[in-house]
*Asks:* 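I'd like to ask you about the structure that follows.
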Amino acid sequence: MRIASWNVNSLNVRLPHLHQWLADATPDIVGLQETKLEDPRFPDTALLERGYRSVFSGQKTYNGVALLSREPALDVQMGIPGFEDEQKRAIAATVGDLRIVNLYVVNGQDVGTDKYAYKLRWLAAVHDWLAAEIQAHPRLVVMGDFNIAPDARDVHDPEVWNEDHILTSTAERDALRRLYALGLHDAYRLHHEAGGVFSWWDYRQAGFRRDRGLRIDLTLVSDALKPKCRDAGIDREPRTWERPSDHAPAWVALDV
DNA sequence: ATGGTTGGTGTCCAA
C-alpha cells in the first residue's frame with residue numbers, strides 16, 4: 001500500500017500533472033492540498049475514469065483538500081470537529097482498515113502576525129482532534145502540507161530558517177512535537193537520517209534549480225502502523241515538469 | 001533582509 005501527499009497549488013492547473021503522476025507512481029491513496037476549486041468543479045469523473053474515487057472539501061481561490069483512493073473512502077470528516085473554520089483545510093476518511101487524515105496546515109505568513117496566531121490555534125485544534133482520532137482508530141495516517149520543517153536537516157539554510165522564522169519557529173516545531181507525543185511518527189525519518197531532502201522549493205530565485213528547499217510535506221504514522229512502514233520518500237520528478245507545483249509528492253509504503 | 005514567481009475568475013492577496 002502506497003500513500004502520498006501532494007500540494008498541487010491549483011488542481012485546475014495541475015490536473016494533467018496529477019494524471020501523469022498517478023499513472024507513473026500508482027499510489028493507492030493520495031491526499032491533495034491547495035486544490036483551489038469549489039466542490040462542483042472538482043474533477044471526480046476524470047479521476048474515476050483512471051481508477052480513483054475522490055472525496056473533497058474545497059473553496060474558490062484558496063485552500064481546498066481532497067482524498068483520492070482506489071478503495072471506497074468511508075466515514076468522511078470535513079474540517080476539524082468543533083473548530084469553526086471558513087478555510088477548507090482538513091479532510092479525513094477510513095479506507096480499508098486505515099484512518100487517513102489529510103491536512104493543509106496554515107502557512108502563518110510571518111511570526112507574530114494574526115495568521116501566525118491562527119496557525120497555532122489551528123494546530124492546537126488538530127492536536128485535540130487527533131488525540132481522539134487515534135483512540136478511535138489506532139491505525140492512523142496523518143499526511144499533508146504541514147508548513148513546518150521538523151528540524152535543521154529539513155531546511156537548505158538553517159541560519160535563515162531558524163527558531164524565529166516562519167515554518168521553523170520554536171512554537172511551530174513545538175506544535176509538531178505535540179503531535180508526535182500522541183504516538184505519531186514522521187515516516188520519512190523512520191527510514192532516512194540524512195538532511196538535504198526537500199519537498200517544497202520557492203518559485204522565486206530559481207529555488208528548485210539551486211535546491212534551496214524545505215521538507216514541509218510530511219506523513220505521520222501511528223504506533224500501530226510504525227512496524228508496518230517499509231519506506232518513505234519524496235518524488236522530485238513532477239517538480240521538474242513544465243509549469244509545476246512548488247511542492248513535490250511525499251509518499252510512504254506500508255506493508256498492509 | 002529583500003526581492004522575486006506563481007495562481008487566482010484576480011488587477012491585490014496568499015504562498
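Just so you know, these numbers use all the heavy atoms, side chains as well, and skip hydrogens, waters and symmetry mates. Remember, predicted model here, so these are calculated numbers, not experimental data. Each chain gets a letter, A, B and so on, in the order its sequence line appears, and its residues count up from 1.
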*Asks:* Quick check: on DNA chain B, is the nucleotide nearest A/Asp202 upstream (toward 5') of the one nearest A/Asn147, or the reverse? Name the residue that is more 5'.
*Replies:*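 First, find each residue's nearest nucleotide; the 5'-ward one identifies A/Asp202.
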*Asks:* In terms of the nearest nucleotide of DNA chain B, which residue is placed more toward the 5' end: A/Asn107 or A/Val13?
*Replies:*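 Its nucleotide being nearer the 5' end, the pick is A/Val13.
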*Asks:* Can you check the distance between B/dG7 and B/dG3, where both ends of the measurement are the P atom (answer in whole Å)?
*Replies:*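 B/dG7 and B/dG3 have their P atoms separated by 22 Å.
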*Asks:* Just to be sure I understand the geometry, which residues of residues 149-170 of chain A put a non-hydrogen atom under 4.0 Å away from DNA chain B?
*Replies:*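 Residues of residues 149-170 of chain A under 4.0 Å from DNA chain B: none.
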*Asks:* What's A/Arg89 touching, base or sugar-phosphate or nothing? Going by heavy atoms closer than 4.0 Å.
*Replies:*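 Sugar-phosphate contact only.
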*Asks:* Are A/His185 and A/Asp223 close enough that a side-chain donor and a side-chain acceptor fall under 3.5 Å?
*Replies:*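 A pair is found: one side chain offers a donor N or O, the other an acceptor, under 3.5 Å apart.
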*Asks:* If you group Ile, Leu, Val, Met, Phe, Trp and Tyr whenever their side-chain heavy atoms sit less than 4.5 Å apart, what else falls in with A/Leu67?
*Replies:*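 A/Met1, A/Ile3, A/Ile29, A/Val55, A/Val65, A/Val76, A/Met78, A/Ile91, A/Val95, A/Leu98, A/Ile100, A/Tyr104, A/Val141, A/Met143, A/Leu190, A/Val221, A/Leu225, A/Val252, A/Leu254, A/Val256, listed by chain and number.
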*Asks:* Considering only B/dA15, B/dA14, B/dT6, which nucleotide approaches the side chain of A/Tyr203 most closely?
*Replies:*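 For A/Tyr203, the side-chain atoms sit closest to B/dT6.
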*Asks:* Does any non-hydrogen side-chain atom of A/Tyr188 lie less than 4.5 Å from one of A/Arg215?
*Replies:*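 In short, these two side chains touch, coming nearer than 4.5 Å.
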*Asks:* Is any side-chain heavy atom of A/Leu182 closer than 4.5 Å to a side-chain heavy atom of A/Leu140?
*Replies:*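 A/Leu182 does not reach A/Leu140 side chain to side chain.
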*Asks:* I need the CG-P distance between A/Asp145 and B/dA15, as an integer number of Å.
*Replies:*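 Rounded to whole Å, this separation is 10 Å.
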*Asks:* Rounded to the nearest angstrom, tell me the gap between atom CD in A/Gln59 and atom C1' in B/dG10.
*Replies:*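 It works out to 15 Å between those atoms.
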*Asks:* Calculate, to the nearest 0.5 Å, the distance between atoms CH2 and CH2 belonging to A/Trp6 and A/Trp21 respectively.
*Replies:*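 Rounded to the nearest 0.5 Å, the CH2-CH2 separation comes out at 7.0 Å.
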*Asks:* Using the P atom on both, measure B/dT9 against B/dT5 and round to a whole Å.
*Replies:*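 Each nucleotide's P atom is 22 Å from the other's.
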*Asks:* If you check every side-chain atom of A/Lys115, which of B/dA15, B/dG4, B/dT9 has the closest atom?
*Replies:*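 For A/Lys115, the side-chain atoms sit closest to B/dA15.
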*Asks:* Whole Å only: how far is the CG atom of A/Asp114 from the P atom of B/dA15?
*Replies:*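 About 13 Å, once rounded to whole Å.
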*Asks:* Using atom C1' in both nucleotides, what's the gap between B/dG4 and B/dA15 to the nearest angstrom?
*Replies:*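 Each nucleotide's C1' atom is 13 Å from the other's.
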*Asks:* Could you verify whether a donor N or O on one side chain and an acceptor N or O on the other, from A/Asn7 and A/Glu34, lie under 3.5 Å apart?
*Replies:*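 Side chains of A/Asn7 and A/Glu34: pair found under 3.5 Å.
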*Asks:* Please determine whether a side-chain nitrogen or oxygen atom of A/Lys60 lies at a distance below 4.0 Å from atom OP1 or OP2 of B/dT9.
*Replies:*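 Answer is no, no contact under 4.0 Å.
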*Asks:* Tell me which nucleotide among B/dT9, B/dG3, B/dA15 gets nearest to the side chain of A/Gln205.
*Replies:*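 The answer is B/dG3.
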*Asks:* Is the A/Phe208 ring parallel, tilted or perpendicular to the A/Trp201 ring (thresholds 30°, 60°)?
*Replies:*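 Perpendicular: the ring planes of A/Phe208 and A/Trp201 meet at over 60°.
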*Asks:* Take the protein atom CD of A/Gln33 and the nucleotide atom P of B/dT6, then report the distance between them rounded to whole Å.
*Replies:*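 Checked: the CD to P distance equals 21 Å.
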*Asks:* Indicate whether OP1 or OP2 belonging to B/dA15 is found under 4.0 Å from a side-chain N or O atom of A/Arg204.
*Replies:*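 No, outside the criterion.
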*Asks:* Which pair of non-hydrogen atoms, one from A/Ala66 and one from A/Thr35, has the smallest distance, and what is that distance?
*Replies:*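 Result for this residue pair: CB-CG2, 4.4 Å.
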*Asks:* Does a side-chain heavy-atom distance below 4.5 Å link A/Thr168 with A/Asp154?
*Replies:*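 Sidechains of A/Asp154 and A/Thr168: no contact.
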*Asks:* What residues from residues 237-251 of chain A pass a heavy-atom cutoff of under 4.0 Å to DNA chain B?
*Replies:*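 Contacts with DNA chain B under 4.0 Å: A/Arg243.
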*Asks:* Is A/Phe208 touching bases, backbone alone, or none of the nucleic acid, heavy atoms closer than 4.0 Å?
*Replies:*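 The residue A/Phe208 makes no contact with any strand.
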*Asks:* Base, sugar-phosphate or nothing for A/Arg14? Non-hydrogen atoms, less than 4.0 Å.
*Replies:*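 The residue A/Arg14 makes sugar-phosphate contact but no base contact.
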*Asks:* Mind checking the C1' distance from B/dT6 to B/dT11? Whole angstroms is fine.
*Replies:*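 Approximately 15 Å lies between the C1' atom of B/dT6 and that of B/dT11.
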*Asks:* If you round to the nearest 0.5 Å, how far is OG1 of A/Thr113 from CD1 of A/Ile166?
*Replies:*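 Atom-to-atom, A/Ile166:CD1 and A/Thr113:OG1 are 6.5 Å apart.
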*Asks:* Rounded to whole Å, how long is the line connecting atom OH of A/Tyr62 with atom C1' of B/dT6?
*Replies:*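 My rounded result for the distance is 13 Å.
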*Asks:* In whole angstrom, what separates A/Arg210's CZ from B/dG4's C1'?
*Replies:*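 Taking CZ of A/Arg210 and C1' of B/dG4, I get 11 Å after rounding.
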*Asks:* What is the distance, rounded to the nearest whole Å, between atom CG of A/Asn12 and atom P of B/dT6?
*Replies:*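 Rounded to whole Å, this separation is 17 Å.
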*Asks:* Measure CG/A/Asn63 against P/B/dC13 and give the value in whole Å, please.
*Replies:*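 That distance rounds to 17 Å.
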*Asks:* Parallel, tilted or perpendicular: which describes the rings of A/Trp200 and A/His247, with under 30° parallel and over 60° perpendicular?
*Replies:*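 Tilted, since the angle between the ring planes falls between 30° and 60°.
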